[in-house]
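Whatever order the structure lists ligands and atoms in, that order sets their numbers, starting from 1.
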Amino acid sequence: MSDAIPRVVIVGGGFGGLAAAKALRKTNAEVILIDRQNHHLFQPLLYQVATSVLGPGQIASPIRGILRTQRNCTVILGEVTGVDSDRRCVFVDSVDREGVIVEYDYLILATGASHSYFGHDEFERFAPGLKSLADAVSIRNRILKAFEQAEAEEDPRRHGDLLTFVLVGAGPTGVEMAGAMAELVSRALRSEFRRIDPTSARIVLIDMGKRVLGTFAEKLSAAVQRRLEELGVEVRLGHGVDRIDADGVIVAGERIASKTVIWTAGVAPSPAGKWLKAATDRAGRVRVQADLTVTGHPEIVVVGDTASLEQDGRPLPGVAQVAMQQGRYTGALIHRRIGGKPAPPPFRYFDKGNMAVVGKGYAVLESGRVRLSGFLAWMAWAAVHLEFLAQSSLRVSVFVQWVWTYLTGQRGSRLIVNHHSSLGVDARVPSSSEHQPTAER
Ligand SMILES: Cc1cc2nc3c(=O)[nH]c(=O)nc-3n(C[C@H](O)[C@H](O)[C@H](O)COP(=O)(O)OP(=O)(O)OC[C@H]3O[C@@H](n4cnc5c(N)ncnc54)[C@H](O)[C@@H]3O)c2cc1C
């Protein structure tokens, strides 16, 4: 790199990368943000796209649009495939070129996480996970198609497995999905079908742990389980799934026949640790130092879901707040270095608390010693989620949609959209002998 103006390359325009880019807006540097998607995604509301509450365009914004007024930042659509830390460059597959070399003076890796099937990658074919907009639309298609197929199916004996929905993993995503699905069948779909009764749909939430929302206080977990059961969700705890196939799942030796299984369990970090050949934790997250840099590389910083850092003897969780605070810290760190100022004190995460929503008007909230469940927590949940959406247009649109859904029970986006097919082939739910689980992706 020339010594004219330093270049900061940020890989990932999620919560961490975007916060870092914004924190560098007044820095005398060329900032290049590379993301394989053209949009910043608000993952906490993905389940609402998967359950038809919101449309994809309501929870994501083009990164280029968000940073349009930041003159020192260039946004590149491309997938980073590796890092050469000796040559100080990253390799990028862009829209029409492979292995493009982009040099850096400072590198921020904020590449997030993907699904983990805990060593059972064969489950993925039958149980898609929820991580991207494409995943959410694909799951929405599957859920809506299952109802369509059941309505078209004359033989009522086939309705059972079509109308059984299994969610594997009772963390926040599984719990929120289960609550939203229960409301979908009991309110939005209830009067629209003639041959089937959508309210007879079975929603099963499975987790190998002893309680739902295992990271929350026991009292809140118990309250959430009660609430889910009131909504008609079958909660099965204490056993993981032994098998997932085209006919459903096997849990504790029992087969649950289902055509729609959704994976809401583990996540695995991006391969940033492999790119850097750096020390990682057991999950594969890059172990970073107290200032979030990689040992031996003060010019490389890793933030968010892909970084591993302990605070007060406990690893920081993979949540949006950690990623945003780390992104902001990193921007400030590099800003000071470029300006020749002393380094800031080590990074410290300020935990504002955790929340999860369970259907209409009910959430749980845990912040310090405050533990809340019910409508008040739901109001807080709604306010916080609106506040953190990337743009004001999304805030307005989501707010209006939520009010409408709250008052009428109607969902905002119930279209079955087959992006990759105009032939109608993937409008079918696969049978055991003919499985096409990823056809709509
Ligand atoms: C369904 C779901 C619900 C969640 N709910 C909550 C919640 O309620 N509250 C909460 O705090 N957290 C929640 N989280 C977790 C939270 O979203 C993450 O902790 C947060 O997104 C991490 O931020 P990040 O910047 O590390 O990664 P991300 O926000 O995931 O961003 C990573 C970015 O990097 C890009 N990228 C990845 N690899 C490459 C590559 N090779 N080249 C170029 N670009 C790349 C991706 O396209 C993406 O834009 C949820 C997550 C999911 C999946």
_Selection from Ile10, Val49, Val80 by shortest heavy-atom distance to atom 42 (N) of ligand 1_ = Val80
*With sequence neighbours excluded, what pairs up with Trp402 under the side chain to side chain donor-acceptor pair (under 3.5 Å) test?*
Gln48
_Closer than 4.0 Å to some heavy atom of Ala110 - which atoms of ligand 1 meet that?_
32 (C), 33 (C), 34 (O)
*So which heavy atom in the protein is nearest atom 47 (O) of ligand 1, and how far is it from that ligand atom?*
Asp35 OD1, 2.7 Å
*Given the protein's heavy atoms, is any one of them under 4.0 Å from atom 21 (O) of ligand 1?*
yes
*asked:* Under a 3.5 Å threshold, yes or no: a donor from one side chain and an acceptor from the other, between Arg202 and Thr164?
replied: no
*Below 4.0 Å from any atom of ligand 1, is there a heavy atom belonging to Gly78?*
yes
*Could you tell me which atoms of ligand 1, counted from 1 in the order shown, lie closer than 4.0 angstrom to a heavy atom of Gln37?*
47 (O)
*Determine whether any heavy atom of Thr306 lies closer than 4.0 Å to an atom of ligand 1.*
no
_Could you tell me, atom by atom, which parts of ligand 1 come under 4.0 Å of a heavy atom of Gly318?_
15 (C), 19 (O)
*When rounded to the nearest 0.5 angstrom, what distance separates OG1 in Thr295 from CZ in Arg287?*
10.0 Å
*Short N/O distance, under 3.5 Å, between Leu46 and ligand 1?*
no
_Looking only at protein heavy atoms, which one is nearest to atom 27 (O) of ligand 1, and what is the separation?_
Gly112 CA, 3.3 Å
*Run the numbers for me: atoms of ligand 1, each under 4.0 Å from some heavy atom of Gly304, listed by number.*
26 (O)
*Which of the atoms of ligand 1 are close to Phe15, meaning less than 4.0 Å from one of its heavy atoms?*
17 (O), 20 (C), 21 (O), 23 (O), 25 (O), 29 (O)
_Checking Thr111 against Ser270: is there a side-chain donor and acceptor pair closer than 3.5 Å?_
yes
*Considering only non-hydrogen protein atoms, determine which one is nearest to atom 23 (O) of ligand 1 and report residue, atom name and distance to 0.1 Å.*
Ala323 CB, 3.3 Å
_Nearest neighbour of atom 6 (C) of ligand 1 from the list Ala307, Gly17, Pro172, Pro44, on a heavy-atom basis_ = Pro44
*Determine, using heavy atoms of Trp275 and all atoms of ligand 1, whether some pair is separated by less than 4.0 Å.*
yes
*For ligand 1, indicate whether the residue Thr111 contacts it via side chain, backbone, both or neither (heavy-atom separation under 4.0 Å).*
both
*asked:* Taking only non-hydrogen atoms of Ser270, do any sit less than 4.0 angstrom from ligand 1?
replied: no
*If you draw a 6.0 Å radius around NE2 in His297, do more than 12 non-hydrogen atoms from other residues or ligands fall strictly inside?*
yes
*Work out which heavy atom in Ser221 is nearest to a heavy atom in Arg211; give both atom names and the distance.*
OG-NH1, 2.7 Å
*Run the numbers on Gln401 and Thr405 for side-chain hydrogen bond (donor to acceptor under 3.5 Å, both in side chains), then give the verdict.*
CA-CA 6 Å; Gln401 183 60 55; Thr405 299; 3.1 Å; yes
*Should Arg236 and Glu234 count as an ion pair when the cut-off is N to O under 4.0 Å?*
yes
*Any idea which atoms of ligand 1 are less than 4.0 Å away from a heavy-atom of Leu130?*
1 (C), 53 (C)
_For ligand 1 and Val11, I'd like to know whether there is a polar contact (N/O to N/O, distance under 3.5 Å)._
no
*Less than 3.5 Å between some nitrogen or oxygen of Arg36 and one of ligand 1, yes or no?*
yes
*Among all protein heavy atoms, pick out the one at the shortest distance from atom 18 (C) of ligand 1; state its residue, atom name and that distance to 0.1 Å.*
Asp305 OD2, 3.3 Å
*When only distance counts, is Ala113 in polar contact with ligand 1, meaning an N/O pair under 3.5 Å?*
no
_Reference residue Val92; test side-chain contact (heavy atoms from CB on, under 4.5 Å); the match among Ile34, Val9, Ile32_ = Ile34
*For atom 31 (O) of ligand 1, find the nearest protein heavy atom and state the residue, atom name and distance (0.1 Å precision).*
Gly14 CA, 3.2 Å
_For Trp378 and Phe375, take the angle between the two ring planes, folded into 0 to 90°, and tell me which bin it lands in: parallel under 30, tilted 30 to 60, perpendicular over 60._
tilted
_With respect to His39, determine whether any N or O atom, backbone or side chain, lies less than 3.5 Å from an N or O atom of ligand 1._
no
Expected list for residues 37-45: side-chain donor-acceptor pairs under 3.5 angstrom, two or more places apart:
residue, atom, partner, partner atom, Å
His40, ND1, Gly13, O, 2.9
Gln43, OE1, Lys131, NZ, 2.9

*asked:* Taking Ser393's backbone N and O only, do any of them form a donor-acceptor pair with Ser397's side chain (distance below 3.5 Å, no angle check)?
replied: no
*atom 51 (C) of ligand 1: which protein heavy atom is closest, and how many Å away?*
Gln43 OE1, 3.4 Å
_Given Gly353, Ala320, Ser114, identify the one with the heavy atom nearest to atom 12 (N) of ligand 1._
Ala320
_Heavy-atom check, side chain of Leu67 versus side chain of Leu18, under 4.5 Å_ = yes
*Sub-4.0 Å atoms of ligand 1 with respect to non-hydrogen atoms of Thr173*: 1 (C), 2 (C), 3 (C)
_Taking the six-membered ring for Trp, are His120 and Phe123 closer than 6.0 Å centroid to centroid?_
yes
*asked:* As an exercise, identify every atom of ligand 1 less than 4.0 angstrom from a heavy atom of Gly12.
replied: 33 (C), 34 (O), 35 (C)
*How about Phe147 and Phe165: are their ring centres within less than 6.0 Å of each other?*
yes
*Within a radius of less than 6.0 Å around CD of Glu122, do more than 12 heavy atoms belonging to other residues, nucleotides or ligands occur?*
yes
